[in-house]
Amino acid sequence: MIADDLRTAIREALRAAGLPEPPGGIVLDVPKQREHGDWSTPAALALARVAGRPPREIAQRLQAELEAAGVPHLARVEVAGPGHLNLHLAPSWLHDVLRAVVAAGERYGTGDALAGQRINLEFVSANPTGPLHAGGGRWAAVGDAIANLLAAQGAQVHREYYLNDAGAQLDRFRDSLYARYRGEAPPEDGYHGQYLVEMAARLRAERGDGVTPDEALEWGYRHVLAGLEQDLGRIGVHFDTWFSERTLHERGDVAEVLALLDERGVTYEKDGAKWFRASDFGDQRDRVLVKSDGATTYLCNDIAYHRDKFARGHTHLIDIWGADHHGQVRSLQAGLEALGYPPGEPEVVLGQLVRLVRGGKEVRLSKRTGDIIALADILDEVDADVTRMTFLAQGIDSAQTIDLDVVTEQSMENPVYYVQYAHARIASIARRAQEAGVARRPVTQVDLGLLAHPREEELLRALAVYPAVVAEAATARAPQKVTTWVRDFARAFHGFYRDCRVLTGDDALTQARLWLTEACRVGLANALGILGVHAPEEMARLDPQDEDAQGPAPARPGAAGAPA
RNA sequence: GCGCCCGUAGCUCAGCCGGACAGAGCGGCGGACUUCUAAUCCGCGGGUCGGAGGUUCGAGUCCUCCCGGGCGCGCCA
């Protein structure tokens with residue numbers, strides 16, 4: 001990649017000038033303003049302190065070295081402002097970008113930074129006591145996209161869903177379902193949601209009378225599980241493993257972990273319970289592993305669970321949790337460290353919660369109290385791509401507010417269509433070319449120098465940066481960086497489409513632009529692939545009538561003054 | 001009280017490891033379809049980057065404090 005070549009060139013220029021590398025390494029930026037060159041480095045500014053010389057003087061030394069070095073594509077180096085080194089490249093570098101994109105195809109934007117790693121990524125893991133609620137969709141979309149990002153960096157990624165199917169909550173679920181089955185109200189601390197009424201009715205319809213509480217539980221649990229899998233499948237999320245907590249108990253994993261911790265001398269008895277010296281491992285205080293009633297705690301089971309993930313051969317564990325669980329991170333990490341695993345495992349990605357608003361008021365969600373907005377409810381009204389893109393448009397460090405009225409009623413305005421339309425336009429051009437009998441000649445026989453329009457350069461610049469965007473997004477566990485890129489790229493493409501006709505009477509220009517659009521297709525499709533959003537070949541024409549219906553009312557008999 | 005996260009344009013949000021005049025979408029105003037799908041494009045207007053200090057040649061980005069908001073601080077899961 002050109003950035004690597006330039007970095008190398010700068011490194012050599014530094015050596016030739018007898019200067020050390022800047023403390024933070026050699027930074028290469030794409031300047032916000034075109035006049036500041038194709039690439040820019042603040043290396044001289046960073047070096048001023050250590051070298052004890054004015055930044056501009058250092059910049060001038062580097063400028064001279066770079067100009068003398070004959071770096072490919074490098075046309076001009078200028079020293080600007082306080083000591084920025086601006087690199088102006090010949091247009092030929094963009095042609096290399098195009099060739100690199102089409103040569104790599106589906107692999108364009110991938111890297112090998114995580115090659116050899118086997119990463120276990122656990123996400124969603126909502127309790128199997130009811131349908132997945134709308135907020136859970138955020139973790140599904142984010143987790144799946146992060147999995148795609150890690151895979152794009154060469155990791156072998158295992159998607160996992162943890163089913164808490166062994167604790168007291170399943171008892172409550174059983175009792176609640178059974179109560180509904182008998183036409184009674186659920187227990188005070190049970191699940192009061194309407195969905196259990198419906199589930200109970202179905203249970204009765206399928207099994208009739210005489211179902212025992214435990215039979216109701218098994219039936220209901222399987223029913224819920226199938227629902228979860230189906231809902232997640234609707235937004236394109238599939239798990240490699242649905243891990244049952246029951247396994248840990250049945251197999252004796254939990255007992256084994258307790259024995260191991262005892263062996264390491266990090267447990268003690270107090271008040272009839274068994275405690276873990278978590279505070280010795282950075283936790284705020286010690287934690288209970290076995291309650292005085294003999295049952296193990298959630299933490300204890302979770303330590304056993306994560307130990308199993310390592311036992312299955314994963315080299316790194318990542319959990320995506322809602323921010324309401326952030327208090328448990330240290331305890332779990334302490335437990336694994338006590339067992340001898342590296343500090344910081346599992347890595348926990350905390351996501352802030354989703355707020356749902358309808359009719360201008362916040363909708364509180366709880367399976368226990370009953371008011372649920374299920375992911376499925378949203379998917380019944382909104383395209384799965386819109387749903388995913390909505391969840392992936394924002395960083396997970398901030399709480400997301402989703403206005404159900406906006407999402408469901410104005411989905412046409414969602415940016416996902418803007419992006420998909422760009423892809424459809426590319427596909428449409430390809431179809432038109434085929435109809436006209438125009439085929440792309442080998443790229444080596446095409447004069448890419450004809451791609452000199454600012455719009456064309458803008459597209460190639462965006463494509464050039466794409467691999468770095470993916471790498472950053474993977475490192476930061478931040479899929480919204482890809483969303484941002486894809487929107488910017490779509491904007492650039494729409495501008496190009498408007499200003500530069502691809503299929504023209506000029507054969508050489510047509511060839512060059514066909515290759516450019518092919519490169520755009522590759523970049524767009526790859527980015528959408530990471531987001532898990534479809535890249536359609538065509539999009540239905542919007543009916544102008546529908547458009548009007550959304551806007552100011554057209555003249556209609558009797559419509560004047562009528563309430564909306 | 002302690003911990004984590006957030007506070008950027010009227011609204012919803014981008015802004016990497018600090019770099020050169022702060023961005024997008026929506027909304028507002030005004031333009032562009034005999035041309036590869038106008039779910040598009042172009043232009044205009046709109047910001048004390050919550051506040052105060054500090055570090056730095058340089059801070060929306062780092063540090064401290066304050067204000068405002070969200071979420072946690074169980075022998076619950």
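Per chain, numbering begins at 1; letters A, B, ... match sequence-line order. What you see below is based on every heavy atom in this structure, not just the backbone, and it leaves out hydrogens, waters and symmetry mates.
- Looking at T297(A), its side chain does come within 3.5 Å of a backbone N or O of V288(A) through a donor-acceptor pair.
- The aromatic ring of H36(A) stacks onto the base of A20(B), its centre lying under 5.5 Å from the centre of the six-membered base ring with the two planes under 30° apart.
- Salt bridge R491(A)/D488(A): present, at least one basic N to carboxylate O contact under 4.0 Å.
- For Y466(A), there are no side chain to side chain donor-acceptor pair (under 3.5 Å) partners, not counting sequence neighbours.
- Taking a pair as Watson-Crick or G-U wobble with both distances under 3.5 Å, the runs of three or more consecutive pairs in RNA chain B are B:1-7 with B:67-73, B:10-13 with B:23-26, B:28-32 with B:40-44, B:50-54 with B:62-66.
- Formation of a donor-acceptor pair under 3.5 Å by the Y191(A) side chain with backbone atoms of R174(A) is not found in this model.
- With rounding to whole Å, Q328(A) atom CD is found 11 Å from A77(B) atom P.
- The phosphate of C41(B) has OP1 or OP2 within less than 4.0 Å of a side-chain N or O from Y418(A).
- Between the CZ atom of R491(A) and the C1' atom of C41(B) there is a distance of 12 Å, rounded to whole Å.
- Side chain of Q420(A) to backbone of H534(A): a donor-acceptor contact under 3.5 angstrom is found.
- Between R388(A) and D385(A) no salt bridge is recorded (no basic side-chain N to carboxylate O distance below 4.0 Å).
- At a cut-off of 3.5 angstrom, counting only N and O atoms as typed in the model, there is no donor on one side facing an acceptor on the other between the side-chain of T297(A) and the base of C75(B).
- Looking at N86(A), its side chain comes within 3.5 Å of the base of A20(B) through a donor and an acceptor atom.
- The cationic group of R246(A) lies under 6.0 Å from the six-membered ring centre of Y221(A) and within 45° of the ring axis, placing it in a cation-pi geometry.
- Residues from residues 498-512 of chain A lying near RNA chain B, meaning a heavy-atom separation below 4.0 Å, are R498(A), C500(A), R501(A), V502(A), L503(A) in numerical order.
- Salt bridge status for E458(A) with R461(A): absent, with no side-chain N to carboxylate O gap under 4.0 Å.
- The aromatic ring of H84(A) sits over the base of A20(B), with ring centres less than 5.5 Å apart and planes tilted by under 30°.
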